[in-house]
Amino acid sequence: MASPLISTRRYWALFVYVVLVSHASNGFYLPGSYMHTYSPNEEILVKVNSLTSIETELPFSYYSLPYCKPPGGVKKSAENLGELLMGDQIDNSPYRFRMNVNESIYLCTTPPLNEHEVKLLKQRTRDLYQVNMILDNLPALRYANQNGLKIQWTGFPVGYSPQNSNDDYIINHLKFRVLIHEYEGAGVQIIGTGEEGMGVISETDKSKTSGFEIVGFEVVPCSVKYEPEKMTKLHMYDNTSSVSCPLELDRSQIIREQERVSFTYEVEFVKSDTRWPSRWDAYLKMDGARVHWFSILNSLMVIFFLAGIVFVIFLRTVRRDLTKYEELDKEAQAQMNEELSGWKLVVGDVFREPNHSKLLCVMIGDGVQITGMAVVTIVFAAFGFMSPASRGMLLTGMILLYLFLGIAAGYVSVRAWRTIKGTSEGWRSVAWSTACFFPGIVFVILTVLNFILWGSKSTGALPISLYFILISLWFCISVPLTLLGGHLGTRAEPIQYPVRTNQIPREIPARKYPSWLLVLGAGTLPFGTLFIELFFILSSIWLGRFYYVFGFLLIVLLLLVTVCAEVSVVLTYMHLCVEDWMWWWKAFYASGSVSLYVFLYSINYLVFDLQSLSGPVSAILYLGYSLIMAVAIMLSTGTIGFLTSFYFVHYLFASVKID
């Protein structure tokens, strides 16, 4: 009796502890998103990320241009796997602020610009490269007026090229506006080890937690021509007089050889009513919510239409035939067997082994792995566990989920192999192929793209060390788990077919139109549920916009799964009705063909929405990444359609008592 009593006491103690902690903290903080308070005059450091452009999609290091370097040298910030894969390179910078102290600061004056530096600055300016700065984990925001509308951008341009001039001008003076909120502690202290660390809540006195929290970071870029002789007499971080952004070109800093560029900045702290939990609202404004709802309603209409067809198949056609058949006596059934038509004729061939059965099993296993990764990632993101404040967290989470879901891929592929073959012989080859198939495709495409990025000296190129890390993670985590899943698949009971397969295959009647035409046409219905959301996803990837409407994306994903299942079932039934028993691959591609339309839409987006994208290198990069996305979608949606069709066919013929 003592053991249950001790266990009960432990549960009560844990419950009381949780209640007390939650009462003391008045909330909770997720990793990478905890609050940091600053005391007056406390030093705040600004970081710089890679230079990016929507014209080339090739990121470059901030210090590849002749900018001022910090006194202690350039130091890289901690980067996670996702940041490295996205081409982020976060470094320290010479920009330093003091909390709630407005000041104008001189940084440095460059040596006379040489031919290479001038060429590089002009090229980066004309390719619309943006400088990306980070303060307290917030990207710098810039506002501009275009046609009477207030446009919001992250970062500021390297320079600008006036319309009526062949000259280029560099941005060398920055006006920072830091929005702060005065915070008074509520009996807790948030302790952290850095921007990427975990917040720890502890009891403390109110005075320690009082201070200022940063809730906004805005920048106004200017080009100002200084007198080099006067500026070189100053030292870094000396105070200078405030300047207004000049409108005249003769007062702006031109980019040309032998010019010496002086860099300065101003910082102004402005008190704001915005609280710390709401500081990302300015970045995540969800414009066009009606468009998302329209997409969902459009998908629901498609689903109800297909559901009506499925119900007609099940409730009227199939059920009516089965009921009529079961009411007959044995002699009448034997006579009716000779007069059967449609799907009932292929009862002895419907479970015949398909062509390239090993490849089908491998693709189904990889599809389960990709689908599981997508569902779990989107669910976590929809509930706010993958904040944009944690850079690279989304991609890192997806990669880790994919690696650990190898066990599901191995299990499903080997069990499908056992079901088709009736034996476990050759399961290791199936499991190894499952572990290598999709990663192999991605590896080949990324390697080709990486050689292109290396040739362009872009920070988007994966270093050799990262290649070894990715291969090690795959070989040490994904491969063993896939083999383990395959072993578990051999021990699981194979799915028993409800009918026997004839030794001689039945001849498939000739048709007026090819079956692949119907399969390709079926992909338009799942694509109809996806294409509006696909536009927002592509815009976030290629136009540098934040995508954080994961709630909508989760709904669209559920609708897509439903449509894929319904389309595949309807198409499989149509093929069986015309005595076509080779339904396996057609069921896979009926829903998997949506990937073809996704890839074609990506090309359409490149031509009509990414008109600013310049050069063959950028286009090849875009098409390479789009191809990876299309292959992943094909495996995922094809698997959903195939598994649904398999269980539909199994249920259908399990109801027929034909010897």
Side-chain angles (χ1 to χ4, degrees), residues 36 38-52 59-79 88-110 121 124 129-143 153-159 170-180 194-195 212-224 226 231-232 234-243 245 253 261-270 279 283 389 391 459:
H36 184 85
Y38 296 90
S39 305
N41 287 313
E42 183 178 348
E43 188 177 63
I44 314 168
L45 302 178
V46 179
K47 296 181 180 181
V48 289
N49 203 342
S50 301
L51 306 174
T52 55
F60 289 98
S61 169
Y62 173 82
Y63 292 107
S64 63
L65 296 181
Y67 286 128
C68 304
K69 292 181 171 59
V74 178
K75 298 175 184 176
K76 296 185 185 300
S77 293
E79 293 175 332
D88 288 349
Q89 184 176 314
I90 302 175
D91 303 313
N92 61 336
S93 79
Y95 293 91
R96 298 178 181 178
F97 306 155
R98 288 183 295 160
M99 175 52 73
N100 212 19
V101 176
N102 299 339
E103 51 190 352
S104 298
I105 299 294
Y106 165 79
L107 281 181
C108 73
T109 300
T110 66
L121 280 170
R124 298 287 182 266
Y129 270 87
Q130 302 283 314
V131 179
N132 300 292
M133 290 188 167
I134 303 166
L135 178 69
D136 193 43
N137 220 17
L138 282 177
L141 267 183
R142 173 172 62 94
Y143 294 98
W153 303 89
T154 52
F156 60 90
V158 169
I170 189 172
I171 299 296
N172 63 335
H173 179 74
L174 301 174
K175 289 176 173 284
F176 294 108
R177 189 167 176 262
V178 182
L179 305 180
I180 56 175
E195 290 179 2
F212 296 97
E213 53 198 32
I214 296 173
V215 296
F217 182 38
E218 300 171 6
V219 62
V220 177
C222 307
S223 180
V224 181
Y226 292 104
M231 301 303 288
T232 48
L234 299 174
H235 298 91
M236 183 176 277
Y237 301 122
D238 282 353
N239 289 319
T240 62
S241 57
S242 176
V243 297
C245 292
Q253 180 60 59
V261 182
S262 297
F263 290 91
T264 56
Y265 69 90
E266 300 174 33
V267 58
E268 178 189 9
F269 289 86
V270 180
R279 66 180 192 158
Y283 301 85
R391 287 174 185 81
T459 60

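Below, all heavy atoms of this structure are taken into account, side chains as well, without hydrogens, waters or symmetry copies.
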### Message
For a side chain to side chain contact (heavy atoms under 4.5 Å, CB included) check, start with the C-alpha distance between Thr154 and Leu141, then their side-chain angles and the critical distance, and finish with the verdict.
### Response
CA-CA 5 Å; Thr154 52; Leu141 267 183; 4.0 Å; yes

Shortest non-hydrogen contact from [X] to [Y]?
{"X": "Lys69", "Y": "Met236", "answer": "O-CE, 3.7 Å"}
{"X": "Pro70", "Y": "Tyr63", "answer": "CD-OH, 3.3 Å"}
{"X": "Val219", "Y": "Ala140", "answer": "CG1-CB, 4.0 Å"}
{"X": "Leu138", "Y": "Phe217", "answer": "O-CD2, 3.6 Å"}

Are any non-hydrogen side-chain atoms of [X] and [Y] less than 4.5 angstrom apart?
{"X": "Asn49", "Y": "Tyr62", "value": "no"}
{"X": "Met99", "Y": "Val178", "value": "no"}
{"X": "Leu51", "Y": "Val131", "value": "yes"}
{"X": "Val261", "Y": "Thr109", "value": "no"}
{"X": "Arg96", "Y": "Pro71", "value": "yes"}

### Task
Before giving the answer on side chain to side chain contact (heavy atoms under 4.5 Å, CB included), spell out for Phe156 and Met133 the whole-Å C-alpha distance, their side-chain angles and the decisive distance to 0.1 Å.
CA-CA 9 Å; Phe156 60 90; Met133 290 188 167; 4.0 Å; yes

Output the distance between atom [atom1] ([X]) and atom [atom2] ([Y]), rounded to the nearest 0.5 Å.
{"X": "Phe263", "Y": "Tyr106", "atom1": "CZ", "atom2": "OH", "answer": "10.5 Å"}
{"X": "Asn100", "Y": "Phe269", "atom1": "CG", "atom2": "CZ", "answer": "7.0 Å"}
{"X": "Leu107", "Y": "Met231", "atom1": "CG", "atom2": "CE", "answer": "9.5 Å"}
{"X": "Arg142", "Y": "Leu174", "atom1": "CZ", "atom2": "CG", "answer": "11.0 Å"}
{"X": "Tyr237", "Y": "Glu103", "atom1": "OH", "atom2": "CD", "answer": "10.5 Å"}
{"X": "Phe97", "Y": "Glu43", "atom1": "CZ", "atom2": "CD", "answer": "11.0 Å"}

### Message
Cation-pi check for Tyr129 against Arg124: NZ or CZ below 6.0 Å from the six-membered ring centre and within 45 degrees of the axis, yes or no?
### Response
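Yes, a cation-pi geometry.
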
#### Entry: Pair Tyr38 and His36, ring centroids less than 6.0 Å apart
yes

So, the side chain of [X] versus the backbone of [Y]: is there a donor-acceptor pair under 3.5 Å, distance only?
{"X": "Ser93", "Y": "Val48", "answer": "no"}
{"X": "Asn132", "Y": "Ser50", "answer": "yes"}
{"X": "Asn172", "Y": "Val224", "answer": "yes"}
{"X": "Tyr226", "Y": "Gln253", "answer": "no"}
{"X": "Asn92", "Y": "Gly73", "answer": "yes"}

### Query
Would you call the rings of Phe176 and Tyr95 parallel, tilted or perpendicular if under 30° counts as parallel and over 60° as perpendicular?
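Perpendicular, since the angle between the ring planes exceeds 60°.
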
### Query
Out of Lys175, Arg177, Glu266, His173, which one pairs with Val220 under the side-chain contact (heavy atoms from CB on, under 4.5 Å) rule?
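The option that passes is Lys175.
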
### Task
Report the residue from Thr110, Leu121, Leu65 that forms a side-chain contact (heavy atoms from CB on, under 4.5 Å) with Ile170.
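Filter result, single survivor: Leu121.
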
### Query
How far apart are the C-alpha atoms of Ile105 and Asn239, what are their side-chain angles, what is the distance that settles it, and do they pass the side chain to side chain contact (heavy atoms under 4.5 Å, CB included) test?
CA-CA 5 Å; Ile105 299 294; Asn239 289 319; 3.4 Å; yes

### Query
After noting the C-alpha distance and the side-chain angles of Tyr67 and Val158, does the key distance pass the side chain to side chain contact (heavy atoms under 4.5 Å, CB included) rule?
CA-CA 10 Å; Tyr67 286 128; Val158 169; 3.6 Å; yes

